[in-house]
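Numbers here are sequence positions counted from 1.
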Amino acid sequence: MKTILMELIQSVQFLCTSQFWRMSVLWTFSLLFSYFQLWLDRVIFRNSRSYPRCSPPFITPSTKRPICVVTGKLSKVHIESFVLSYASPFLFIYLSSLPLVVKQTVKEIKQWHPDAHLKAFQVDLSSFESMLKFKRSLQQWLLDSEMDPSIQLLVNNAGILATSGRLTAEGFDQMIGTNYIAAFALTNLLLPLLKSSSVPSRVVNVTSFTHRCVSDILVDKETLVGNFLVSKQYPCAQVYEYSKLFLLLLSYELHRQFCFGDKSHQVSVIAADPGVVETNIMREVPSHLSFLAVTILRILGLLQSPDNGVESIIDAALAPPEVSGQYFFGGRGRVIKSSALSYDTKLAEKLWTTSSQLFLELQLAYKDQAS
């Protein structure tokens with residue numbers, strides 16, 4: 001009885017916050033706007049853009065077996081979608097911070113697809129030290145396995161929605177740290193392996209329509225570190241929006257660097273937005289409110305099953321090699337425009353510079369500790 005009463009009190013308290021109404025109203029509007037774009041492009045402007053799925057790089061004497069590194073939850077749906085999309089040659093490198101989850105996931109996937117090639121590593125994506133250890137472990141494993149020291153696909157799929165402020169081991173806001181800084185750091189750590197691939201390689205960053213809610217933002221060090229705990233109320237909705245906008249800005253900046261700058265490597269970068277998918281990402285939202293939100297989204301036809309939600313990610317991963325700098329949304333290989341702010345090149349350059357400085361500081365800090 002006390003537990004039910006406490007949950008009701010928490011629900012009412014959260015219901016009275018601006019963050020709840022931001023999530024309820026602005027996020028729903030942003031999602032509807034994305035679908036409206038699809039409709040406009042197809043019906044009004046007659047210029048709907050979509051890209052077919054292509055077979056991934058097949059086994060060659062140099063690559064032996066294409067390697068895909070995936071962060072976040074790797075489900076039966078992910079594996080089935082890749083296998084059904086001719087991606088069975090991939091060797092999946094799965095990262096998770098929970099050893100029991102890693103073990104169980106590998107076991108289940110092997111039951112679903114005995115022929116699936118999978119290697120799991122325990123990695124805490126909120127910890128730079130953990131990611132450094134993973135890079136060293138991966139390189140050693142590739143060496144011991146006599147495989148080509150390269151990877152062909154990196155899917156930055158990890159993300160959280162935290163309703164209370166917490167700090168990572170390095171002192172970053174946990175949501176910014178997990179959703180953006182981890183993707184930036186892991187991409188940069190694995191970039192040499194992506195660039196050394198003898199066939200075209202790709203980075204897919206899983207972002208969100210919620211980035212449209214951000215109209216203006218600073219990308220200084222204080223914002224990236226996430227000094228939000230000084231606020232009386234943790235702005236969870238806005239922090240989540242920031243992290244997803246940062247991920248988009250990163251995607252477009254990397255695309256420009258590879259396509260208009262360093263052309264010596266065939267690395268493409270694509271953003272994918274799965275929409276609203278029935279997952280446990282809202283587990284920190286009071287259960288009564290999350291149940292209500294899921295019910296309303298289902299009635300409106302906006303809630304996707306995991307089977308459909310993964311489609312845009314697979315579309316991005318298996319788009320033709322020449323496709324880069326696009327924003328996949330809605331499945332069936334379709335792309336739309338993200339917010340005007342996400343295409344701000346000056347903002348993206350500043351974000352890149354600030355993120356690179358933080359990345360360098362972290363590298364130097366752990367180098368000094370090791371020495």
Side-chain angles (χ1 to χ4, degrees), residues 1-39 72-73 75-78 98 101 157-166 173-176 178-179 206-215 226 228-229 231-245 247 272-313 329-331 336 338-339:
M1 186 67 181
K2 284 185 178 180
T3 303
I4 297 174
L5 183 61
M6 286 295 293
E7 288 180 355
L8 283 172
I9 292 173
Q10 289 175 353
S11 297
V12 172
Q13 289 175 337
F14 194 70
L15 186 68
C16 295
T17 64
S18 61
Q19 298 305 303
F20 168 79
W21 292 104
R22 189 178 186 94
M23 293 164 68
S24 302
V25 179
L26 291 186
W27 288 15
T28 302
F29 176 79
S30 298
L31 178 62
L32 289 171
F33 183 80
S34 295
Y35 282 112
F36 182 61
Q37 266 200 71
L38 286 177
W39 181 81
K73 184 175 175 57
S75 67
K76 173 177 180 283
V77 174
H78 288 81
L98 303 172
V101 172
N157 179 52
I160 62 169
L161 173 59
T163 56
S164 59
R166 299 185 292 271
D173 174 88
Q174 190 176 37
M175 194 147 47
I176 295 285
T178 303
N179 296 0
V206 181
T207 183
S208 166
F209 57 88
T210 58
H211 79 276
R212 298 185 186 279
C213 299
V214 184
S215 58
F228 303 109
L229 297 182
S231 305
K232 188 175 181 181
Q233 179 191 34
Y234 180 67
C236 58
Q238 288 162 293
V239 176
Y240 185 82
E241 296 159 11
Y242 293 163
S243 70
K244 294 303 181 178
L245 175 64
L247 208 50
D273 181 351
V276 179
V277 186
E278 196 168 358
T279 65
N280 64 344
I281 193 169
M282 294 182 68
R283 59 186 175 273
E284 291 192 25
V285 175
S287 57
H288 295 88
L289 296 180
S290 60
F291 175 78
L292 179 62
V294 166
T295 302
I296 293 174
L297 288 168
R298 186 178 287 116
I299 292 171
L300 294 174
L302 298 175
L303 184 67
Q304 300 183 85
S305 67
D307 303 65
N308 294 326
V310 77
E311 288 298 300
S312 62
I313 303 174
F329 177 83
I336 58 174
S338 52
S339 70

[X] and [Y]: which non-hydrogen atoms are nearest, and at how many Å?
{"X": "Ser164", "Y": "Tyr234", "answer": "C-CD2, 3.6 Å"}
{"X": "Leu38", "Y": "Gly330", "answer": "CD1-CA, 4.0 Å"}
{"X": "Cys236", "Y": "Leu161", "answer": "O-CD1, 4.4 Å"}
{"X": "Arg298", "Y": "Leu303", "answer": "NH2-CD2, 3.7 Å"}
{"X": "Tyr35", "Y": "Gln304", "answer": "OH-NE2, 3.8 Å"}
{"X": "Phe209", "Y": "Trp27", "answer": "CE1-O, 3.3 Å"}

Rounded to the nearest 0.5 Å, what separates atom [atom1] in [X] from atom [atom2] in [Y]?
{"X": "Arg22", "Y": "Cys213", "atom1": "CZ", "atom2": "SG", "value": "5.5 Å"}
{"X": "Leu26", "Y": "Leu31", "atom1": "CG", "atom2": "CG", "value": "12.5 Å"}
{"X": "Thr163", "Y": "Gln233", "atom1": "OG1", "atom2": "CD", "value": "10.5 Å"}

Would the distance check show the side chain of [X] and the main-chain N or O of [Y] forming a donor-acceptor pair, the cut-off being under 3.5 Å?
{"X": "Asp273", "Y": "Phe329", "result": "no"}
{"X": "Arg212", "Y": "Ser34", "result": "no"}
{"X": "Thr207", "Y": "Lys244", "result": "yes"}

Side chain to side chain, Val214 and Ser339, heavy atoms closer than 4.5 Å: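 Contact flag for Val214/Ser339 side chains = no.
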Within-4.5 Å side-chain heavy-atom neighbours: Glu241 and Ser30: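 They are not in contact (no side-chain heavy atoms under 4.5 Å apart), so the answer is no.
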Ser243: which of Asp173, Thr178, Asn179 passes side-chain hydrogen bond (donor to acceptor under 3.5 Å, both in side chains):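 When side-chain hydrogen bond (donor to acceptor under 3.5 Å, both in side chains) is applied between Ser243 and each of Asp173, Thr178, Asn179, only Asn179 qualifies.
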Aromatic ring pairing Phe36/Phe33, orientation class (parallel under 30°, perpendicular over 60°, tilted between):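 Tilted.
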